[in-house]
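This chain uses plain numbering: 1 for the first residue, then up along the sequence. Every number for a ligand or one of its atoms is a count from 1 in the order of the listing.
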Amino acid sequence: MSFLKQILTYLIRCAAFCILTFAILPAQAQQAPAQDTHGINVANMDRSVVPGDNFYLYCNGDWIKRTEIPADLPGIGVFIQLRDVADERTAALIEETTKSNAGAGSSQRKIADLYNSYMDEAATEAKGLAPLQPHLKAIADIKTKKELAYALGQTLRADVDALNNTNFHTPHLFGLWVAPGFNDPDHYAPYLLQGGVQLPDREYYTSDNEHMKELRSKYQAHVAAMLKLTGFTDTDARAARIIALEHAIAEKHLTLAENDDIQKANNTWTQADFSTKAPGLDWAEYFRGAGLTKQASFLVWQPTAFAGESALVESTPLETWKDWLAYHTIEEYASYLTKALADERYAFFGATLSGTPQQRARWQRGVALVNRYLGDDVGELYAQRYFPPEAKAQAQAMVANIIAAFRKRIDALSWMDPKTKAEAQAKLTTLYVGIGYPETWIDYSAYEVKADDIFGNVWRGMLFQYTRQVGRLGKPVDRHEWSMDPQTVNAVNLPLQNALNFPAAILQPPFFDPQAPAAANYGAIGSVIGHEISHTFDTEGSAFDSKGQVRNWWTPSDLQHFEAAAAKLAAQYDTYTPFPDLHVNGKQTLAENIADVAGIAASYDGYKASLGGKPAPAQEGFSAVQQFFIAFGQAHVTKLRDAALRQQVMVDSHSPGEYRTDTVRNIDAWYSAFEVRSGQTLYLAPAERVQIW
Ligand SMILES: [Zn+2]
């Protein structure tokens with residue numbers, strides 16, 4: 001995984017359907033995300049540029065000129081800066097819990113104990129490998145493949161997520177995701193996903209690329225080093241066998257692109273099916289170890305991988321599997337054991353694999369840890385402190401206006417079948433848009449946190465999450481449930497719940513500012529909200545109906561018309577050439593470009609409706625409509641190194657920020673607001689402007 005990709009996936013836990021990959025967007029002012037003025041940032045603009053020639057530079061030129069990319073980053077963006085702000089706020093809240101001296105078992109006490117148990121490096125070092133030893137001994141004591149199957153079942157965790165936060169990677173043999181069922185969206189169902197490798201994806205094992213080959217040899221040295229640090233002998237040979245097994249597992253895996261296919265993933269297997277469809281592993285023992293004996297059936301996302309991995313359990317010697325299991329256990333807990341192990345882990349996975357020479361400060365990693373295991377408890381404090389009810393009400397009113405705008409646009413479509421329109425409207429009716437924070441919070445009372453036991457706190461934290469998810473199986477679905485903490489800088493589309501989440505930490509400048517003119521808020525976060533809504537009924541959203549059930553509700557003729565309009569937009573993006581030898585791939589970025597043009601169009605309508613016919617104030621000489629479009633352009637500014645930009649153009653489903661901004665040329669109101677005329681670079685004749693919804 002490249003550094004850029006790593007940053008993207010790290011920052012943007014995107015839904016399969018959307019994403020806000022304004023991944024690397026700079027804030028309005030590099031030094032200080034918090035600005036004194038509200039609304040558009042005039043100081044970032046380059047007013048010498050003609051808006052109709054280069055709107056992106058017009059909005060952002062001065063910021064681009066004066067901002068330097070930090071030496072250790074591929075680019076600079078508002079997400080990194082907003083994340084730092086959220087971390088600092090969260091750290092301050094944690095510090096308050098420490099000072100409060102709250103009673104044992106209280107959530108304040110737990111937050112303080114979890115954080116401090118991580119921060120106390122000396123105590124962790126003093127314990128050495130002692131916390132790990134009983135687990136390594138249990139693995140060493142495994143005598144048969146049957147016992148191995150039970151032990152593998154015990155490692156199953158709720159650590160993957162196919163559609164919401166899209167995480168297809170687990171180092172455990174398989175991963176569990178509990179979510180509304182594909183075929184019974186009213187109840188929670190268990191999805192099982194492929195797993196078993198440490199490197200990020202199968203490509204890392206199978207690619208012939210020189211860079212990957214070099215990574216693999218460094219990986220082998222790393223595995224041997226981890227085994228040596230925990231007292232194993234013959235570590236080179238063990239490492240070679242472990243990696244050969246991981247390679248064999250990876251070859252059975254589906255690719256990331258194949259994982260996106262919902263129809264292929266919709267496979268219901270009863271417990272009995274596993275032994276016939278995926279023979280090799282003792283499945284009864286596996287499910288007993290996982291505490292899932294009573295679960296009648298599962299949704300198996302990648303049947304061929306399950307068959308392949310299960311066969312490997314039979315065909316690979318027991319001793320190799322035991323080494324694999326020991327190494328995977330060591331790796332998983334290395335950051336909570338000795339400094340030597342933690343450093344070796346970072347040297348490979350942080351520095352070598354992702355190219356990040358320096359670790360984040362320990363306090364930031366401590367905040368991330370608390371967010372991971374007590375995220376809602378901290379989130380509740382965060383929301384109370386940083387997201388007042390007035391801000392929530394204001395954002396909700398925006399959402400209502402944007403949804404109403406979509407309704408009108410869908411009604412006005414000439415090409416869409418009335419039945420398809422009715423289902424699209426039904427999806428808007430049942431769409432839940434979560435703003436700021438969830439309506440209910442996770443109850444952590446069953447999670448035991450001890451003041452001096454970071455290893456145990458993490459072990460029990462993962463187990464608590466797993467037990468909690470298993471406990472929900474078969475129960476009614478809460479469509480208003482969130483999949484992100486309020487302190488997360490991101491937004492997410494939850495297709496099975498027909499829901500969107502916009503956490504408090506992204507609802508801040510430059511995206512959203514309760515004190516800014518409405519025009520700026522609609523141009524920035526409003527367009528993002530519109531973008532996400534668009535995904536719920538485009539070609540991707542058409543796989544799920546208004547109840548979240550897997551059912552294609554488009555007619556073939558709808559699809560035909562949609563594709564014709566979309567082809568026009570793809571051709572428009574094909575003309576963008578960031579490098580003489582490389583142009584934007586209109587097809588690859590099509591779904592996101594459609595969402596962008598739909599998002600800004602609907603947000604603009606919503607904004608106009610919000611005024612109720614009243615005039616809106618100018619800011620520093622810019623009319624309200626001008627502010628709307630400038631705020632949109634400023635929310636997309638991105639400064640990337642050439643190599644990173646090249647890579648984004650080649651692999652990302654989103655266009656670079658400059659061209660995302662250029663989509664204003666499809667909106668009639670932009671022409672009149674900036675007096676854009678024929679002959680200017682971005683000018684399109686009315687018939688060439690693309691309108692999808
Ligand atoms: Zn999107």
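- Between Phe674 and Tyr58, the ring planes lie perpendicular to each other; the angle is over 60°, past the 30° to 60° tilted range.
- Rounded to the nearest 0.5 Å, atoms CZ (Phe628) and NZ (Lys608) are 10.0 Å apart.
- No side-chain donor-acceptor contact under 3.5 Å links Glu592 and Thr589.
- With a cut-off of 2.8 Å, the Zn ion (ligand 1) has an N, O or S atom of Glu592 in range.
- In this structure, Phe182 and Tyr191 have perpendicular ring planes: the angle between them is above 60°, well past the 30° mark.
- Taking backbone and side chain together, His535 holds an N, O or S atom under 2.8 Å from the Zn ion (ligand 1).
- The N, O or S atom of His531 with the smallest distance to the Zn ion (ligand 1) is NE2.
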